[in-house]
Amino acid sequence: MTQNLNLYTMQTLFEQPVEPVDFIVDGLLAPGLYILGGSPKVGKSWLALQLCLAVCRGEPFLGFRTRKREVLYLAL
């Protein structure tokens, strides 16, 4: 069983179009999975909740513009 290996030059990769990132919170948060870590009792849960509410409502978050999106908040 043989498989062909596709090889690309750096020039070919450089010429490929790259789609712009669609930020949820402008310049701060793009779609994906994030882990918010820090010392206990410093307000991580409240920060995450405020972020989720701002994105759900399409309101600014910490002075950054947000795009209205659905949010799944798992407080584990």
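Along the sequence shown, residues are numbered consecutively beginning with 1. The figures that follow rest on heavy atoms only: side chains count, while hydrogens, waters and symmetry mates do not.
Side-chain heavy-atom separations under 4.5 angstrom define the hydrophobic clusters, and the remaining members of the one that includes Leu7 are Leu5.
In the hydrophobic clustering of this structure, Tyr34 groups with Leu28; members are Ile, Leu, Val, Met, Phe, Trp, Tyr whose side-chain heavy atoms approach within less than 4.5 Å, directly or through other members. Following chains of ILVMFWY side-chain contacts shorter than 4.5 Å, one can reach Phe64 starting from Val71, so the two form part of one hydrophobic cluster. The same ILVMFWY cluster, assembled from side-chain heavy atoms under 4.5 Å apart, contains both Leu53 and Trp46.
Leu36 is linked by a side-chain contact (heavy atoms from CB on, under 4.5 Å) to Lys44, Leu47, Ala48, counting only residues two or more places apart in sequence or in another chain. Remark: Leu51 engages Val25, Leu29, Val55, Phe61 in a side-chain contact (heavy atoms from CB on, under 4.5 Å) (not counting sequence neighbours). Annotation: side-chain hydrogen bond (donor to acceptor under 3.5 Å, both in side chains) contacts of Arg57 (sequence neighbours excluded): none. When the side-chain hydrogen bond (donor to acceptor under 3.5 Å, both in side chains) test is applied to Glu15, the partners found at least two apart in sequence or on another chain are Gln11.
Listed by first and then second residue, the salt bridge (Lys or Arg N to Asp or Glu O under 4.0 Å) pairs involving residues 23-42 are Asp26-Arg65, Asp26-Arg67 (not counting sequence neighbours).
Using a 4.5 Å heavy-atom cutoff, the side chains of Tyr73 and Ser45 are in contact.
Of all non-hydrogen atoms in Thr66 and Ala54, the two that sit nearest each other are OG1-O, 3.5 Å.
Enclosure of atom CZ in Phe14 is not indicated, since only 12 or fewer non-hydrogen atoms of other residues, nucleotides or ligands lie within 6.0 angstrom.
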